[in-house]
Amino acid sequence: MPQNPDAFTRLINALKILPNVGPKSAQRMAYQLLQHSRSGAQELAEALQHALKQVHHCTRCNTFCEGGLCDICADQNRDPRRLMIVHMPADVSGMEAANCHDGLYFVLMGQVNPAQGMDLSHIALDKLVERLQNSEVEEIIIATNFTAEGDATAYVLSELFKNLPYKVSRLARGIPLGGELEYVDAGTLAQAVYERKMLKE
Ligand SMILES: [Zn+2]
């Protein structure tokens, strides 16, 4: 790669940071943006700039939000005794749509990859520990995916809570093996929450 790529190449390289976007797709996107969607490209650039400035992590649950606390953490009607731990903000949306959890959430913003040596730097464990200090939490519901990464993350979490005074449960395996919560329908999700399996009383 040259030290100072031309503008078109720079855009292609920038687009390659998106998930599942290789050189070919990045090239097609760059072409589309500059050839057919110049006003859309302008809006994309502005929205990205705006989001970078405005969107931060909720100081309590770590999800994306504008301002200090997200709407769910700020809601006095939620039950602070039950904390559900999920991978991504999309999982919170899924749970809310399924209407099966009236407690609070913690968003790890990632998962542990057992194929890459169980690197814990992709999940916000320190923030989670901090969140639990002086909290009213009694039960922790581990709602990670039913994939190798989700299982590894659940294992790390259950080890973390082993000697701490919480009830710990994990979603029931009503969800198909290899299932990412993001793609599970609301009914199945709700069932997995109601039938959650106690790991520690
Ligand atoms: Zn929050």
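Along the sequence shown, residues are numbered consecutively beginning with 1. All values derive from a computational prediction rather than experimental measurement.
- In terms of heavy atoms, His87 sits closest to Asn145 at NE2-N, 3.0 Å.
- Around atom OH of Tyr166, more than 12 heavy atoms belonging to other residues, nucleotides or ligands sit under 6.0 Å away.
- Environment of CG in Asp79: crowded, with over 12 heavy atoms of neighbouring residues, nucleotides or ligands closer than 6.0 Å.
- In terms of hydrophobic clustering, with Ile, Leu, Val, Met, Phe, Trp and Tyr side chains grouped at heavy-atom distances under 4.5 Å, Ile140 and Val156 are assigned to a common cluster.
- Interatomic distance, Thr144 OG1 to Met88 CE, rounded to the nearest 0.5 Å: 13.5 Å.
- For the side-chain contact (heavy atoms from CB on, under 4.5 Å) criterion with Ile141, the lone passing option out of Leu171, Val168, Ile85 is Leu171.
- Connection of Leu83 to Leu69 is not established within any shared hydrophobic cluster, with ILVMFWY side chains joined at heavy-atom distances below 4.5 Å, either directly or through further cluster members.
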query = Can you list the steps and then say if Leu18 with Met29 is a side-chain contact (heavy atoms from CB on, under 4.5 Å)?
reply = CA-CA 11 Å; Leu18 294 168; Met29 285 181 192; 4.3 Å; yes

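- Residues Leu34 and Leu11 form a side-chain contact, since some pair of their non-hydrogen atoms from C-beta on lies under 4.5 Å apart.
- Cys100 pairs in a side-chain contact (heavy atoms from CB on, under 4.5 Å) with only one of the listed residues (Arg196, Gln191, Met95), which is Met95.
- Heavy atoms of other residues, nucleotides or ligands lying less than 6.0 angstrom from CD of Glu159 number more than 12.
- The residues Arg78 and Glu96 are annotated as salt-bridged, a charged nitrogen and a carboxylate oxygen being separated by less than 4.0 angstrom.
- Within 6.0 Å of OH on Tyr183 lie no more than 12 heavy atoms contributed by other residues, nucleotides or ligands.
- Using a 3.5 Å distance cut-off with no hydrogens or angles, the side chains of Thr153 and Gln111 do not pair a donor with an acceptor.
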request  = Test side-chain hydrogen bond (donor to acceptor under 3.5 Å, both in side chains) on Asp119 and Ser121 and set out the steps.
outcome  = CA-CA 6 Å; Asp119 180 3; Ser121 65; 2.9 Å; yes

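- At distances below 3.5 Å, not a single donor-acceptor pair connects side-chain atoms of Ser37 with backbone N or O atoms of Gly40.
- Taking the ring-ring contact (aromatic ring centres under 6.0 Å, His included) definition, one finds that His101 meets it with Tyr105, sequence neighbours left out.
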query = Could you go step by step and tell me if Val92 and Phe106 meet the side-chain contact (heavy atoms from CB on, under 4.5 Å) rule?
reply = CA-CA 9 Å; Val92 174; Phe106 186 84; over 6 Å; no

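- For Asp102, the CG atom counts as densely surrounded, since its 6.0 Å shell holds more than 12 non-hydrogen atoms of other residues, nucleotides or ligands.
- Here Ile123 contributes atom CD1 and Leu160 contributes atom CG; the two are 8.5 Å apart, rounded to the nearest 0.5 Å.
- In terms of modelled atom types and a separation under 3.5 Å, the side chain of Ser158 and the main chain of Ala154 share a donor-acceptor contact.
- Scanning for salt bridge (Lys or Arg N to Asp or Glu O under 4.0 Å) contacts around Glu149 gives an empty result, with sequence neighbours left out.
- Hydrophobic clustering, with ILVMFWY side chains joined whenever heavy atoms are under 4.5 angstrom apart, keeps Tyr194 apart from Phe146.
- Taking a 6.0 Å sphere around CD1 of Ile17, one finds it holds 12 or fewer heavy atoms contributed by other residues, nucleotides or ligands.
- Using a 4.5 Å cut-off on side-chain heavy atoms (C-beta onward), Lys16 and Pro23 make contact.
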inquiry  = Using side-chain contact (heavy atoms from CB on, under 4.5 Å), reason through Glu139 and Ser169 one step at a time and then give a plain yes or no.
reply    = CA-CA 8 Å; Glu139 182 186 351; Ser169 58; 2.8 Å; yes

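- Take Phe64 and apply the ring-ring contact (aromatic ring centres under 6.0 Å, His included) test, not counting sequence neighbours, and it matches His57.
- Taking the charged nitrogens against the carboxylate oxygens, Glu130 and Lys127 have no contact shorter than 4.0 Å, which rules out a salt bridge.
- Atoms NZ and CD1, from Lys197 and Ile142 in turn, are 10.5 Å apart once rounded to the nearest 0.5 Å.
- Tracing side-chain contacts under 4.5 Å through hydrophobic residues (I, L, V, M, F, W, Y), one reaches Met84 starting from Leu164; they form part of the same cluster.
- Leu157 and Val193 fall within the same hydrophobic cluster, where Ile, Leu, Val, Met, Phe, Trp and Tyr residues are linked whenever their side-chain heavy atoms come under 4.5 Å apart, directly or through other members.
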